[in-house]
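Structure, as structure tokens:
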Amino acid sequence: MFNALMVNKDEETGKTHAEVTQIDLDRLPEGDVTVAVEYSTVNYKDGLCIGPGGGLVRKYPHIPGIDFAGTVEASDDDRYKPGDKVVLTGWRVGEAHWGGYSQKARVKADWLVPLPEGLDTRQAMAVGTAGFTAMLSVMALEDHGLVSGNGPVLVTGAAGGVGSVAVAILANLGYEVAGVTGRPDTADYLKSLGVSQIVAREELNETVKRPLEAETWAGCIDAVGGEMLARVLGQMKYGGSVAAVGLAGGAGLPATVIPFLLRGVNLLGIDSVMQPYENRLRAWQRVGKDLPLSKLEDMVVPAALSDLPKLGADILNGQIRGRVVVDVNA
């Protein structure tokens, strides 16, 4: 028997309830590899899956946790053997398939990658899905011409999981970083990660009638979407790119095509769920090289399985700073 955070749903009321419970190996879903999970994290999707589901959970009871790192216990696939350290992000694990909020998980071998060189399992989850997504975003901006010295790079939702890692990576690579936050108390935290300019959320949260404003940002990693993304598009420098990674501010986009037509602005969609294996390896290798581990440690907020019901609600309310690392054995 082992511990897991199990979410159940009352079919009559539609309400869900999450609590730590004990289950056995026979209850785990089918898969090629059984992993002794050591660490997981808390992401926005996790908040949805711990709570109302957000349309992500197909069947109850359910174990959330969209990422995890741990040690292989058993494997029917030649790529992994007992004792190997592995990481999982994406593939709808924790949504359609039971995830990492459990001391053991069983998954397809194709969903795993070897633990990146230079990282332990705790550090890998301090990076987690959020940091992996941030690295994919930086890579996409660079692939579309972003170089240091061309002006500031804007990071929206800068104090969140994706934003925190994005700021630390960009600053380490020599970019001038501007961070958007709606929480003034995070200013010192963001500056410690490398932000040189704090932008108040209110400055960008309002739609303007002008489709173009002064050319300000050389690039942008946007975790907010909605009106803020529309506003940022009109402030991009000629040929600049925005990597869109989230929708904390809404799924709508009240924008015009003018920034694309007159300034050659690029809007790059970043998906971390279905990324091909080679892209995953490339991103994790870049994380190990370009993310300062001292800055990573500054982002970490430790947690246990029993903390997750509250943390799930907190992240949906925008009350999480940095990277929550869940020790599933604590």
Side-chain angles (χ1 to χ4, degrees), residues 2-5 18 20 35-50 63-71 85-90 93-94 98-105 107 112-135 157-169 186 189-190 192-193 223 245-246 272 280 283-284 287-288 290-330:
F2 55 91
N3 291 331
L5 183 81
V20 178
V35 179
V37 178
E38 295 166 16
Y39 296 97
S40 186
T41 67
V42 178
N43 302 276
Y44 193 85
K45 282 184 178 180
D46 294 317
L48 291 173
C49 294
I50 291 170
I63 297 176
I66 69 169
D67 48 21
F68 63 77
T71 303
K85 298 288 187 179
V86 291
V87 176
L88 183 143
T89 62
V93 171
W98 281 10
Y101 291 166
S102 172
Q103 292 175 328
K104 297 186 190 298
V107 296
L112 299 167
V113 296
L115 180 71
E117 188 175 345
L119 298 177
D120 59 29
T121 52
R122 181 178 180 274
Q123 291 167 331
M125 281 300 98
V127 176
T129 296
F132 175 66
T133 304
M135 190 72 252
V162 175
S164 294
V165 180
V167 167
I169 292 172
T186 63
Y189 166 73
L190 291 173
S192 75
L193 297 180
V245 303
S272 67
R280 290 175 181 274
W284 277 110
V287 165
D290 295 330
L291 175 61
L293 294 184
S294 60
K295 296 285 180 68
L296 181 64
E297 188 59 35
D298 291 343
M299 304 175 199
V300 170
V301 178
L305 285 177
S306 58
D307 299 320
L308 287 169
K310 180 181 185 302
L311 290 170
D314 287 347
I315 198 165
L316 295 181
N317 291 324
Q319 295 173 351
I320 296 291
R321 189 192 84 173
R323 302 290 297 123
V324 176
V325 177
V326 182
D327 182 347
V328 302
N329 298 297

Provide the closest heavy-atom pair for A168 versus L291 in the form atom of the first, atom of the second, distance.
CB-CD1, 3.7 Å
Can any side-chain N or O of Y101 pair as donor or acceptor with the backbone N or O of I66 at less than 3.5 Å?
no
Approximate separation, where rounding is to 0.5 Å, of Y189 OH and D298 CG:
8.0 Å
Spacing of CG belonging to N43 relative to OG1 belonging to T89, to within rounding of 0.5 Å
9.5 Å
Nearest non-hydrogen partners of R280 and G90, listed with the distance:
NH2-CA, 4.4 Å
Search all heavy atoms of S272 against all heavy atoms of F132 and return the closest pair with its distance.
O-CE2, 3.7 Å
Taking only residues two or more places apart in sequence or in another chain, which ones pass salt bridge (charged side-chain N to carboxylate O under 4.0 Å, His left out) with K295?
none
Using a 3.5 Å distance criterion without hydrogens, assess whether the side chain of S164 forms a donor-acceptor pair with backbone atoms of G161.
no
Atom pairs and distances, donor-acceptor, side-chain atoms in residues 121-128, under 3.5 Å, two or more places apart:
{"unit_1": "T121", "atom_1": "OG1", "unit_2": "E38", "atom_2": "OE1", "d": "2.6"}
{"unit_1": "R122", "atom_1": "NH1", "unit_2": "E297", "atom_2": "OE1", "d": "2.9"}
{"unit_1": "R122", "atom_1": "NH1", "unit_2": "E297", "atom_2": "OE2", "d": "3.4"}
{"unit_1": "R122", "atom_1": "NH2", "unit_2": "E297", "atom_2": "OE2", "d": "3.2"}
{"unit_1": "Q123", "atom_1": "OE1", "unit_2": "D120", "atom_2": "N", "d": "3.0"}

Does Y39 have any ring-ring contact (aromatic ring centres under 6.0 Å, His included) partners at least two apart in sequence or in another chain, and if so, which?
none
Does D290 have any salt bridge (charged side-chain N to carboxylate O under 4.0 Å, His left out) partners at least two apart in sequence or in another chain, and if so, which?
R286
Passes side-chain contact (heavy atoms from CB on, under 4.5 Å), V328 versus F68? Steps please.
CA-CA 10 Å; V328 302; F68 63 77; over 6 Å; no
Output the distance between atom CG (N3) and atom OG (S306), rounded to the nearest 0.5 Å.
10.0 Å
Nearest-0.5 Å distance, CD1 of residue I50 to CG of residue L311:
7.5 Å
Non-hydrogen atoms of V37 and S102 that approach each other most closely
CB-O, 3.1 Å
To the nearest 0.5 Å, what is the distance between CD1 (I315) and CG (L48)?
9.5 Å
In terms of heavy-atom contacts, A330 and A304 come closest through CB-CB, 4.0 Å
Okay, side chain of T41, backbone of V324: is any donor-acceptor separation there less than 3.5 Å?
no
Run the numbers on M135 and V165 for side-chain contact (heavy atoms from CB on, under 4.5 Å), then give the verdict.
CA-CA 8 Å; M135 190 72 252; V165 180; over 6 Å; no
Quick one: does any side-chain atom of T71 pair with a main-chain N or O of K85 as donor and acceptor, under 3.5 Å?
no
Residue pairs passing the salt bridge (charged side-chain N to carboxylate O under 4.0 Å, His left out) test with at least one member in residues 125-135, sequence neighbours excluded, are none
Would you mind listing every salt bridge (charged side-chain N to carboxylate O under 4.0 Å, His left out) that reaches into residues 314-330, with sequence neighbours excluded?
K310-D314
side-chain contact (heavy atoms from CB on, under 4.5 Å) between S40 and D67, intermediate numbers included:
CA-CA 6 Å; S40 186; D67 48 21; 3.6 Å; yes
Minimal non-hydrogen separation, G118 against L293, with atom names
O-CD1, 3.9 Å
